[in-house]
Amino acid sequence: MGKEECKTMLDALNKVTACYRHLVIALGSTSDSQNLREELKKTRKKAQELAVANRTKLTTLLKDKTISKDDRAEYERLWVLFSSSMELLEVDMKRSLEIGQDFPLKVPTRHLIQTGMTGSTNAVAARAMSVQNMKYEADSNIDTADLRDLQTEITQVSQMMEEMEMKVQVAPWAVVAKQEAGAELKSNMSVGNSSVGVISICEEEPKDDEGGGGREGGSGSIGAVVVFFVIVAVALVLGYLVVNM
Amino acid sequence: MTIRNALRDHGQRYRPRMACLKKAEKVLLEMQDPCTGVKSQPQRLVITIIPHAITGEDIIAWLADRFQIDAQEARSFGSMLVALGYIYPLQDHKRLVIKPDASLYRFQTPYFWPTQQWPVEDTDYAIYLAKRNIRKKGILELHEQEQYNHLHKWMNHKWDFVVMQAKEQYRAAKERKKPDRVVFDCQERAYWVVHRPPPGTVSAMDYGLDRRTDPNTDETQTPDYYERIMIFTQQSIMRPRVKSSVSIGALVKYSATYSGHDPFLSKCLPSSPWLTDDTTYWTMNMSNVEIPTKMRVERWTFSFKELLSDPRGRDDFRLFLKKEFSGENLAFWEGCEDLKWGTAVTMREKAEQIYKTFLARGAPRWINIDGKTMEITVKGLKHPHRYVLDAAQTHIYMLMKKDSYGRYLKSPVFKETLKKAICPEEHKFNEVQLEQNARNRRPSLSPIIIRQQEQEQRAKMAANAPVDITQLCRFTTPVPHLAVYTGIPDPPSVTASPSLPFLAHTPVCPSPISVALDSTSASERRMEASDGEGNAEVRAPEGGNLSKSRMALSLRRLLKRGCSPSAMFASLSPKCHTAATTSSRIQPITPDEPSQAPPRRIGNFFQIKVDIPPECRIYPIESEDEDEENRPASRDAVVTEEIICPWESLTRQNGTG
């Protein structure tokens with residue numbers, strides 16, 4: 001059904017937008033690299049494809065005058081979701097253009113900001129592209145070459161958004177959200193697992209997370225100690241037996 | 001959907017130039033240099049080690065070295081970088097200052113740098129709060145909860161998006177390694193501390209209002225642009241110039257006088273509410289407070305403007321003037337201010353009211369302004385606008401300033417106030433108390449309620465307004481105040497009869513008249529009684545030229561004296577007898593009825609009220625005036641013409657009246 005398709009596509013777009021934002025945040029910092037630029041490019045392309053697909057789908061649905069009122073309300077809600085995603089995407093793209101221009105990678109003395117992030121962002125990009133592992137095949141001057149593409153893509157997105165606003169008459173403020181406040185807490189994601197592994201941030205919230213971290217570390221270390229003592233006891237027993245024999 | 005109206009678009013929607021940001025970015029980049037930049041060290045948390053932490057003292061030392069400045073300035077520069085959000089503290093993350101010790105900081109990623117062209121969106125903040133909600137499992141701080149609820153309410157249409165995006169971003173963040181996740185959380189939290197500061201703190205990115213033009217666009221060099229430049233330079237040339245010695249001298253004097261009173265430059269007793277969240281300072285300096293503070297009273301001595309602009313000072317001054325019986329000046333001045341600042345709808349009525357109360361002949365609270373000003377004012381009152389009483393107001397202001405203000409400062413009223421003024425003790429709050437103050441902050445009285453209270457007070461005062469006891473009510477003394485009109489083209493229009501209200505300082509209307517001007521009023525009453533009825537104005541010409549000329553003579557004699565009302569009081573009392581006699585001379589001519597056709601204004605003065613009620617009515621009775629004027633035959637018509645607003649009567653030639 002049209003609605004389900006729409007929803008899945010919107011979810012995908014949402015995921016890609018979120019991942020793209022994570023990638024852009026890493027730009028200019030010490031975790032910046034050629035790979036990151038390539039990841040950005042690929043994610044962007046994917047986002048655009050999804051955006052176009054979503055747009056065509058939703059516009060056809062909304063242009064249809066024969067749908068019921070409830071359906072129309074639902075489609076308007078989806079439309080608001082779509083346009084908000086696109087807004088975020090547009091802003092992120094513009095910002096990545098700026099930051100990319102300010103922090104070129106191929107200069108002899110490059111000063112990437114020492115933010116403390118040193119790891120790579122493959123996993124995030126892989127999540128965005130819905131693949132297991134990212135393959136990097138771009139050439140080495142991607143940071144400058146990509147920027148030109150990026151500019152054209154930004155203009156495309158802006159045009160698309162303007163068209164959207166003109167063609168589809170949806171009043172975004174009239175949409176009523178389905179989720180109530182605090183809905184994010186009711187997710188079925190494994191919030192519990194993640195908190196165990198999170199360590200205290202900046203030594204300031206020891207109460208919250210230190211306990212979690214401590215718990216895991218403590219159990220590990222206690223286990224190790226117990227095993228150690230068991231082995232020592234066994235060795236002592238054997239030794240005693242050997243000595244006595 | 002955007003509606004663009006390019007022609008008349010005066011909307012302010014652009015963020016101002018923030019030139020400091022680009023400069024700060026350059027400094028940041030220099031700090032990153034591995035050789036010459038700031039030394040970084042790894043931060044050891046429970047299990048992980050995160051690199052690139054820098055100490056406060058290192059930052060300050062580097063800044064002092066790089067810019068060749070002293071440690072104090074380097075410290076404030078560093079604090080500015082932290083306050084803007086380029087560097088964030090790892091411990092004590094809510095206080096955005098640089099501590100010159102081993103406390104750790106870290107650089108912020110460029111995406112989270114403050115920028116002029118990218119405003120901070122509430123959608124992002126909502127997503128961040130939702131993510132934090134997930135992470136903290138529903139336990140947010142108080143201000144975060146409030147913001148969350150607020151955003152949920154007004155961004156409700158986007159809330160689905162917010163929730164979805166929050167979940168996705170949370171999941172995407174989990175894909176990174178642990179140390180990076182920690183760093184990312186720190187970064188995001190620091191970003192929002194800068195741009196959505198917790199209560200009790202101020203964001204360094206506050207910029208006031210949005211601007212009308214976009215600072216990022218280049219201005220095109222059209223002919224219009226050059227024309228604007230030309231006009232500007234022409235006007236600059238034509239501007240009157242003051243010698244810099246004079247202007248600088250004035251500045252120095254101003255600074256010297258006011259520096260002790262400036263809450264930024266010197267101590268604010270008891271404590272500055274912006275720093276300690278304690279509102280004693282404001283409650284002590286409210287406008288209706290009984291006992292003012294010493295600093296406030298001292299300010300009144302600086303200039304008359306200071307005294308008047310402070311409501312408590314104005315009250316004090318009003319009290320003093322009441323004792324001196326010249327309260328009408330201040331009342332008039334306040335009435336003019338009210339007119340200037342009031343709504344356009346009420347302007348006409350206010351102007352009329354003021355005219356009738358203060359300016360007209362025989363007004364109950366007549367003020368003493370010179371004839372020229374009076375002419376201008378009355379002419380202007382034909383078409384009243386906001387600034388019609390400006391000339392008169394300035395005159396009265398200068399009068400008060402030169403005369404009453406000096407006496408006020410030497411008066412017992414002021415000395416009493418000065419003696420009673422309090423000097424509050426300085427507060428000394430410790431950290432705990434400061435936090436408690438911050439928590440106990442409550443909003444003050446709504447300005448709507450304050451305005452209502454002020455209006456009630458004003459109405460009360462207006463109702464109890466003293467009819468200046470020196471003035472008699474119009475019904476008994478139709479005579480204009482001669483001192484006012486020095487250049488009257490129509491002499492007979494001004495009665496010579498000095499049966500002026502000024503005479504004695506007796507309270508109520510009838511008494512001064514009866515006491516001081518017994519003969520006159522009696523004679524006038526007789527006149528009225530004999531007249532019988534109506535056409536009041538007829539009276540005037542009736543007198544015949546004979547009496548008129550006599551009137552004119554006595555008038556001119558009076559005018560030659562050129563006396564002020566107070567002097568008039570004394571001088572006129574003997575006059576009153578002569579006037580009485582002259583007016584009595586009119587009597588026999590009474591029977592001549594309305595021969596002279598055009599009812600001139602002058603007639604009214606001679607022709608006192610046809611039937612004056614035995615008890616004199618005290619002003620104000622404005623409400624009757626309008627319909628009274630429409631009933632020429634009625635007795636009241638006579639009376640009201642006394643104080644007729646000049647712009648209302650078109651038939652009468654009371655242009656100057």
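Every heavy atom of this structure was used, including side-chain atoms; hydrogens, water molecules and symmetry mates were not. Residue numbers begin at 1 in each chain, while the letters A, B, ... track the order of the sequences.
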Does D180(B) reach the main-chain N or O of T118(A) with its side chain, forming a donor-acceptor pair under 3.5 Å? yes

Report yes or no: does Q32(B) contribute a side-chain atom to a donor-acceptor pair with the main-chain N or O of Q114(A) at less than 3.5 Å? yes

Do you know which of [options] has the most heavy-atom pairs under 4.5 Å to chain A?
options                           : result
D160(B), V162(B), L151(B)         : D160(B)
A173(B), A53(B), G138(B), P179(B) : A173(B)
Q187(B), E188(B), E30(B)          : Q187(B)
H52(B), K177(B), R176(B)          : H52(B)

Closest contact, heavy atoms only, [X] versus [Y]:
X       : Y       : result
D124(B) : R21(A)  : OD1-NH1, 3.1 Å
I25(A)  : T109(B) : O-OG1, 2.7 Å
F103(A) : L29(B)  : CE2-CD2, 3.6 Å
V183(B) : M117(A) : CG1-CG, 3.6 Å

For [X], is it the side chain, the backbone, both or neither that has a heavy atom under 4.5 Å from a heavy atom of chain B?
X       : value
E87(A)  : side chain
F82(A)  : neither
L88(A)  : side chain
S85(A)  : both
R127(A) : side chain
V124(A) : both
L27(A)  : backbone

Quick one: pull up [atom1] in [X] and [atom2] in [Y] and give me the separation to the nearest 0.5 Å.
X       : Y       : atom1 : atom2 : answer
Y111(B) : H22(A)  : OH    : NE2   : 10.5 Å
L10(A)  : M164(B) : CG    : CE    : 6.0 Å
F112(B) : S29(A)  : CZ    : OG    : 11.0 Å

For [X], is it the side chain, the backbone, both, or neither that has a heavy atom closer than 4.5 Å to a heavy atom of chain A?
X       : value
A166(B) : neither
T123(B) : neither
I127(B) : side chain
Y148(B) : side chain

Below 4.5 Å, heavy atoms only, C-beta onward: do [X] and [Y] meet side chain to side chain?
X       : Y       : value
F161(B) : N14(A)  : yes
I113(A) : W113(B) : yes
R106(B) : T115(A) : no
Q165(B) : T17(A)  : yes
K94(A)  : W118(B) : yes

Among A174(A), S83(A), S96(A), S120(A), which residue has the highest count of heavy-atom pairs closer than 4.5 Å to chain B? S120(A)

Which one of C19(A), A126(A), G116(A) has the most heavy-atom pairs closer than 4.5 Å to chain B? G116(A)

Any Lys/Arg nitrogen of D11(A) or K167(B) sitting under 4.0 Å from an Asp/Glu carboxylate oxygen of the other? no

Do E168(B) and K15(A) sit within salt-bridge range, that is, some charged N less than 4.0 Å from a carboxylate O? no

